[in-house]
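Notes to accompany the following structure.
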Amino acid sequence: MVAEDSVLLREGLVGLLGRFGHEVVSAVGDAQALVAAVEEHAPDIVVTDVRMPPGFQDEGLHAAVRLRGKRPTLPVLVLSQYVQRTYAAELLDSGDGSGVGYLLKDRVGQVEEFVAALHKVADGGTVVDPEVVRQLLRRRRDPLERLTPREREVLALIAEGKSNGAIAKELVVSEAAIGKHIGNILTKLDLPPTDQTHRRVLAVLTYLRA
């Protein structure tokens, strides 16, 4: 079955799959219909986009993750414009990792390439675009690896609830030096721009999760 909010692309996929001898049991345009259609038709494979109504964010991919949670062996091939890293990781980790694929629309060079990927996923294989792999590896990298040993030490003391002055006293450096270290830490952790106190809290949470 096919889940794609763009009518033209949805009908194009239906026609393309028909040409290669596949029967499309259902073609839907939103995530809710995707879940309902899988329950009704129990397809051999689902081909879905990521962004769908009503929010056009990650509804399609989120629905695919939920479906794999209920049906771990359901083959799912995501065909999308971009990488939604959170749910992409969940999808690729779902079940035993077999029968799943994530391809970027702009990087599928030939129809035969897409159909071959479809067959591989339907047969229990895994097909992942190299760009998806690159972005997921970047996401899973230790967020603290960019920090120097001294910056890690400062962050650990922040996590203990110590003030800049107390940290400076413990490390026998000036408070200005601690302020500079903290500025570097917040920058290297790519924390969203907000007030300094909130950013310190986010830095501590990042440290505790690492």
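Below, each value reflects all heavy atoms present in this structure, side chains not excepted, and no hydrogens, waters or symmetry copies. Because the structure is predicted, anything quoted here is derived from the model rather than measured.
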When hydrophobic residues are tied together by side-chain contacts of less than 4.5 Å, even through go-betweens, does [X] share a cluster with [Y]?
| X | Y | value |
| --- | --- | --- |
| Val83 | Leu77 | no |
| Leu9 | Val50 | no |
| Val14 | Val28 | no |
| Val100 | Val108 | no |
| Val25 | Leu17 | no |

Taking [Y]'s backbone N and O only, do any of them form a donor-acceptor pair with [X]'s side chain (distance below 3.5 Å, no angle check)?
| X | Y | answer |
| --- | --- | --- |
| Arg68 | Leu74 | yes |
| Asp30 | Gln32 | yes |
| Glu151 | Thr148 | yes |

[X] side, atom [atom1]; [Y] side, atom [atom2] - distance, nearest 0.5 Å:
| X | Y | atom1 | atom2 | answer |
| --- | --- | --- | --- | --- |
| Leu171 | Ile178 | CG | CD1 | 5.0 Å |
| Tyr82 | Leu104 | OH | CG | 11.0 Å |
| Leu61 | Met52 | CG | CE | 10.0 Å |
| Asp5 | Leu34 | CG | CG | 12.0 Å |
| Glu90 | Arg66 | CD | CZ | 11.5 Å |
| Lys188 | Leu155 | NZ | CG | 12.0 Å |

Taking the side chain as every heavy atom from C-beta outward, state whether [X] and [Y] have any pair of such atoms under 4.5 Å apart.
| X | Y | value |
| --- | --- | --- |
| Ile185 | Val154 | yes |
| Leu103 | Val78 | no |
| Leu13 | Leu79 | yes |
| Pro43 | Val38 | yes |
| Val128 | Leu92 | yes |
| Val127 | Leu118 | no |
| Leu144 | Leu189 | yes |
| Ile45 | Val76 | no |

Subject >> Glu4 and Lys105 ion-paired at < 4.0 Å >> reply: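 Looking at Lys105 together with Glu4, the answer is yes, because their closest N to O distance falls below 4.0 Å.
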
**OP:** Could you tell me whether Arg71 and Glu39 make a salt bridge, using a distance below 4.0 angstrom between a side-chain N and a carboxylate O?
**Re:**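 Between Glu39 and Arg71 there is a salt bridge, with a charged N closer than 4.0 Å to a carboxylate O.
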
Subject >> Residues in side-chain hydrogen bond (donor to acceptor under 3.5 Å, both in side chains) contact with Ser26, at least two apart in sequence or another chain >> reply: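 Listed in chain order: nothing, the list is empty.
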
**OP:** Take Arg150 and His181 through the side chain to side chain contact (heavy atoms under 4.5 Å, CB included) test and state the conclusion after the steps.
**Re:** CA-CA 8 Å; Arg150 175 62 91 180; His181 284 313; 3.4 Å; yes

Original post:
Would Leu16 and Arg19 count as a side chain to side chain contact (heavy atoms under 4.5 Å, CB included) if you check the C-alpha gap in whole Å, the side-chain angles of each, and the deciding distance to 0.1 Å?
Top reply: CA-CA 5 Å; Leu16 172 66; Arg19 276 173 42 207; 3.8 Å; yes

Original post:
What's the shortest heavy-atom distance between Met1 and Val24, and which atoms?
Top reply: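 It is CA-CG1, 4.4 Å.
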
Original post:
If every non-hydrogen atom of Gly60 is compared with every non-hydrogen atom of Ala31, which pair is closest and at what distance?
Top reply: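 Result for this residue pair: N-CB, 4.3 Å.
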
Subject >> Residue Glu112 excluded, over 12 heavy atoms near CD under 6.0 Å >> reply: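 Yes, because the 6.0 Å sphere around CD of Glu112 holds more than 12 heavy atoms from other groups.
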
Distance-only check: which donor-acceptor pairs under 3.5 Å involve side-chain atoms of residues 161-169, not counting sequence neighbours?
{"unit_1": "Lys162", "atom_1": "NZ", "unit_2": "Glu170", "atom_2": "OE1", "d": "2.4"}
{"unit_1": "Ser163", "atom_1": "OG", "unit_2": "Ala166", "atom_2": "N", "d": "3.2"}
{"unit_1": "Asn164", "atom_1": "OD1", "unit_2": "Arg200", "atom_2": "NH1", "d": "2.7"}
{"unit_1": "Asn164", "atom_1": "OD1", "unit_2": "Arg200", "atom_2": "NH2", "d": "3.4"}

Original post:
If you look only at pairs with a residue in residues 28-66, which of them pass as a ring-ring contact (aromatic ring centres under 6.0 Å, His included), with sequence neighbours excluded?
Top reply: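 Found His62-Tyr87.
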
Subject >> Verdict with reasoning, His119 to Phe20, per side chain to side chain contact (heavy atoms under 4.5 Å, CB included) >> reply: CA-CA 11 Å; His119 289 168; Phe20 281 83; 5.7 Å; no

